[in-house]
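Here the structure is laid out as structure tokens; the discussion comes afterwards.
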Amino acid sequence: MSAILQAGWLVPLLGTLLYLGTTAAFLSPGKVLQNVQIGETAEHMPVPGPSWDFFNPEVDRLIGELKKEKETLTTRNQQLNELATRLQAERAELNQVTQAVHQLQLEFDKKTVRVREEETANLKKMAKMYAAMSPEGAAPIIKQLEDEQILKFIVFMKDNESGPLLENLGKLGEADTKRAAVLTDRLRTILYRNQTAKP
């Protein structure tokens, strides 16, 4: 036996056999893997399918967070859409109210102009009427009127008509003298505007 082990042909034969066995094992890996996997449990066996189809708790947590964020964004988007709709409705309502106010303002201005025109005509008539009266007869009458009313028609009187009227008003008593002075002072600050002109 020692002669066989010392033979020169034994080492190349063993090397060749090892080479062929190793090559055969690598060329048919399915049989080797089947032998290895027989001892493994079903939990550790690889799942056939795509490489991304696997269980990972970190990925599942990230997916859950993304779903929550998407739901939050969807809710916020709905709220913004509702707010935009409400703002649009309020803007439309505000436009209607603005148009109604503008229309009422136009109507009011027309009526105000008409009243001013009529008032101007009436004040001119009153000024002519008091100018036609004697200053002694007109003074006790205008004493009963308010200062604003007196000033309105005195504006339409000539100076030689309003002067004697205020003079006689001042002769009715001390209080009426002060009142005539106040009326004269206020006449200085009144700016006459032609009320018949269009605004």
Side-chain angles (χ1 to χ4, degrees), residues 60-199:
D60 288 343
R61 186 182 62 80
L62 289 173
I63 290 172
E65 289 177 2
L66 288 174
K67 284 181 180 177
K68 286 180 183 177
E69 189 171 338
K70 182 180 178 184
E71 290 172 1
T72 304
L73 289 175
T74 303
T75 304
R76 182 170 288 178
N77 193 19
Q78 289 174 349
Q79 291 173 348
L80 288 174
N81 288 338
E82 290 172 3
L83 180 63
T85 304
R86 191 166 56 233
L87 285 175
Q88 189 174 6
E90 289 178 2
R91 184 177 291 141
E93 185 178 346
L94 186 62
N95 285 340
Q96 289 177 351
V97 169
T98 304
Q99 289 175 355
V101 167
H102 182 66
Q103 187 65 32
L104 289 172
Q105 183 69 41
L106 289 175
E107 292 174 8
F108 177 77
D109 289 344
K110 288 179 184 176
K111 290 179 182 177
T112 303
V113 169
R114 193 179 77 232
V115 169
R116 287 178 182 169
E117 290 172 356
E118 291 173 358
E119 185 180 18
T120 301
N122 291 337
L123 289 172
K124 286 181 180 179
K125 286 180 184 177
M126 286 178 65
K128 285 182 183 179
M129 180 182 68
Y130 283 114
M133 295 172 66
S134 68
E136 295 81 12
I141 296 173
I142 66 167
K143 178 181 178 181
Q144 305 302 321
L145 299 175
E146 295 180 8
D147 290 352
E148 296 297 326
Q149 292 173 326
I150 296 171
L151 289 172
K152 282 182 181 179
F153 70 80
I154 283 185
V155 168
F156 294 103
M157 295 175 77
K158 296 178 183 175
D159 293 340
N160 60 355
E161 297 169 342
S162 62
L165 185 63
L166 290 173
E167 178 186 355
N168 281 294
L169 178 64
K171 290 180 181 178
L172 295 177
E174 188 176 332
D176 294 316
T177 304
K178 290 180 181 177
R179 188 176 180 200
V182 169
L183 288 171
T184 305
D185 187 57
R186 288 187 64 188
L187 275 172
R188 177 182 56 86
T189 60
I190 288 178
L191 293 176
Y192 171 74
R193 289 187 302 165
N194 187 2
Q195 301 288 349
T196 59
K198 301 292 181 188

- request: Could you tell me whether K67 and E71 have a side-chain N and a carboxylate O separated by less than 4.0 Å?
  value: no

- prompt: Would you say R186 and E148 make side-chain contact, with heavy atoms under 4.5 Å?
  reply: yes

query: With no hydrogens and no angle check, is any side-chain donor or acceptor of D185 less than 3.5 Å from a backbone partner on A181?
result: no

field: Within 6.0 angstrom of R61 CZ, more than 12 heavy atoms from elsewhere
entry: yes

Please tabulate, for the side chains in residues 138-147, all donor-acceptor contacts under 3.5 angstrom to protein atoms that are two or more places apart in sequence or on a different chain.
{"from": "K143", "atom 1": "NZ", "to": "D176", "atom 2": "OD2", "distance (Å)": "3.1"}
{"from": "D147", "atom 1": "OD1", "to": "R179", "atom 2": "NE", "distance (Å)": "2.7"}
{"from": "D147", "atom 1": "OD1", "to": "R179", "atom 2": "NH2", "distance (Å)": "3.1"}

4.5 Å side-chain heavy-atom contact, K70 and T74: yes

- prompt: Out of curiosity, I63 CD1 to K68 NZ, how far, rounded to the nearest 0.5 Å?
  reply: 13.5 Å

task: Kindly indicate whether the side chain of L172, heavy atoms from C-beta on, has any atom under 4.5 Å from the side chain of T177.
output: no

Note, M157 side chain near I154 side chain (heavy atom, < 4.5 Å): yes

- prompt: Out of curiosity, L87 CG to L83 CG, how far, rounded to the nearest 0.5 Å?
  reply: 4.5 Å

task: Starting from the C-alpha separation in whole Å, work towards a yes-or-no answer on side-chain contact (heavy atoms from CB on, under 4.5 Å) for L169 and L183.
output: CA-CA 11 Å; L169 178 64; L183 288 171; 3.9 Å; yes

message: For E90, I'd like to know if atom CD has over 12 heavy atoms of other residues, nucleotides or ligands within 6.0 Å.
response: yes

query: Should we say atom CD of Q88 is surrounded by more than 12 heavy atoms from elsewhere, each under 6.0 Å from it?
result: no

- request: With the side chain counted from C-beta on, respond yes when L94 and T98 share a heavy-atom pair under 4.5 Å apart, and no when they do not.
  value: yes

message: Within this structure, what is the NZ-CG distance for the pair K152 and N122, rounded to the nearest 0.5 Å?
response: 11.0 Å

query: Do the charged groups of K171 and E136 touch, with an N to O distance under 4.0 Å?
result: no

task: To the nearest 0.5 Å, tell me how far R86 CZ sits from E82 CD.
output: 7.5 Å

message: When you measure from the side chain of E161 to the backbone of K158, do you find a donor-acceptor pair of N or O atoms at a distance under 3.5 Å?
response: yes

query: If you look at every heavy atom in F156 and A127, which pair is closest and at what distance?
result: CB-CB, 3.8 Å

message: Using 0.5 Å steps for rounding, measure from the CG atom of N160 to the CG atom of L165.
response: 12.0 Å

- prompt: Roughly how far apart are S162 OG and L151 CG, rounded to 0.5 Å?
  reply: 11.0 Å

